[in-house]
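One is the number of the first residue; the rest follow in order along the sequence. Ligands are counted one by one from 1 in listed order, and the atoms in each one are counted from 1 as well.
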Amino acid sequence: MLSKKIEAALNKQVTIEAESSQVYLAMASWAENLGFEGVSQFMYAHSDEEREHMLKLIKFINERGGHAKVSQLAAPPTAFGSFKDMFQTLFDHEVMVSKSINDLVDISLQEKDYATHNFLQWYVSEQIEEEALARNILDKINLIGDDKSGFYLFDNDIKQLITNPKEASI
Ligand code: FEO
């Protein structure tokens, strides 16, 4: 059975994952409008992943006798400046999510809720990967600089990351 404190903290994470999904959906739409198919596909897929993260939390809260709440979400931005700005926003967002997961892990230990602690380890690993991926993409964008043909290739290469995020050599 979840304590009220853990239940509230997990529900806060449900909102964060749902908002992440919305932010990446907005990025997907922005990139699609600019004609960058690869980047938009990557963002649509990323948005779906965040929804999965949210659903996993909802199932866990309800399974443990809590009540997962679906709450109102903050509206995401509709424009993101440049690709560099957009991926910087993505990276900063993931750093914020990692901090939130770490705080949750901390609360689970304070509450001696080892089942929740165990459950959260999946998110801890996931955040390491997500931050590394975002950092990797930012490095590539910095290498491309203002080279338009470089962006065309990048848009094509990023499609690999959708099906094969770990092995891709983008
Ligand atoms: Fe679910 Fe990208 O954090």
Side-chain angles (χ1 to χ4, degrees), residues 2 6-32 36 38-64 66 68-81 83-109 113 115-141 154 157-168 170:
L2 293 173
I6 293 265
E7 184 180 348
L10 287 168
N11 266 314
K12 191 171 150 238
Q13 193 63 34
V14 167
T15 304
I16 289 175
E17 301 292 349
E19 286 180 346
S20 302
S21 181
Q22 293 294 90
V23 170
Y24 300 145
L25 191 58
M27 289 177 174
S29 177
W30 182 75
E32 191 166 50
F36 287 94
V39 173
S40 81
Q41 282 178 12
F42 173 82
M43 290 300 181
Y44 278 123
H46 204 131
S47 172
D48 285 347
E49 271 184 38
E50 298 300 349
R51 182 176 155 77
E52 289 299 319
H53 298 173
M54 176 196 73
L55 287 173
K56 214 173 158 79
L57 279 158
I58 287 179
K59 298 274 178 206
F60 179 77
I61 295 167
N62 287 339
E63 250 171 45
R64 298 277 320 281
K69 311 257 174 35
V70 176
S71 63
Q72 190 173 19
L73 305 177
T78 51
F80 298 90
F83 277 132
K84 188 177 169 183
D85 292 345
M86 183 177 75
F87 280 101
Q88 185 67 52
T89 302
L90 184 146
F91 177 71
D92 294 344
H93 190 86
E94 289 304 329
V95 170
M96 179 279 287
V97 174
S98 298
K99 187 180 175 312
S100 175
I101 295 289
N102 287 344
D103 290 346
L104 255 177
V105 170
D106 209 40
I107 296 169
S108 71
L109 287 176
D113 184 339
T116 296
H117 183 266
N118 188 45
F119 168 76
L120 290 171
Q121 297 314 302
W122 183 87
Y123 286 84
V124 171
S125 305
E126 181 69 12
Q127 284 314 118
I128 293 171
E129 278 173 24
E130 295 217 342
E131 278 189 36
L133 179 64
R135 203 178 290 117
N136 191 358
I137 292 173
L138 268 180
D139 286 347
K140 299 294 177 234
I141 290 180
F154 169 80
D157 287 351
I158 199 169
K159 290 177 190 165
Q160 297 174 58
L161 292 174
I162 300 163
T163 47
N164 219 358
K166 294 193 185 72
E167 281 85 28
I170 185 170

Of all residues at least two apart in sequence or in a different chain, which pass the side-chain hydrogen bond (donor to acceptor under 3.5 Å, both in side chains) check with [X]?
X   : answer
S47 : S21
Y44 : E32
E63 : none

*Tally, protein N/O/S atoms nearer to atom 1 (Fe) of ligand 1 than 2.8 Å*: 3

*Any idea how F87 and F154 line up, ring-wise: parallel (<30°), tilted (30 to 60°), or perpendicular (>60°)?*
perpendicular

*Please answer whether the main-chain N or O of V105 pairs with a side-chain N or O of Y123 as donor and acceptor at a distance below 3.5 Å.*
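Answer holds: no.
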
_Criterion side-chain contact (heavy atoms from CB on, under 4.5 Å) against V97, the qualifying member of E17, H53, E126_ = E17

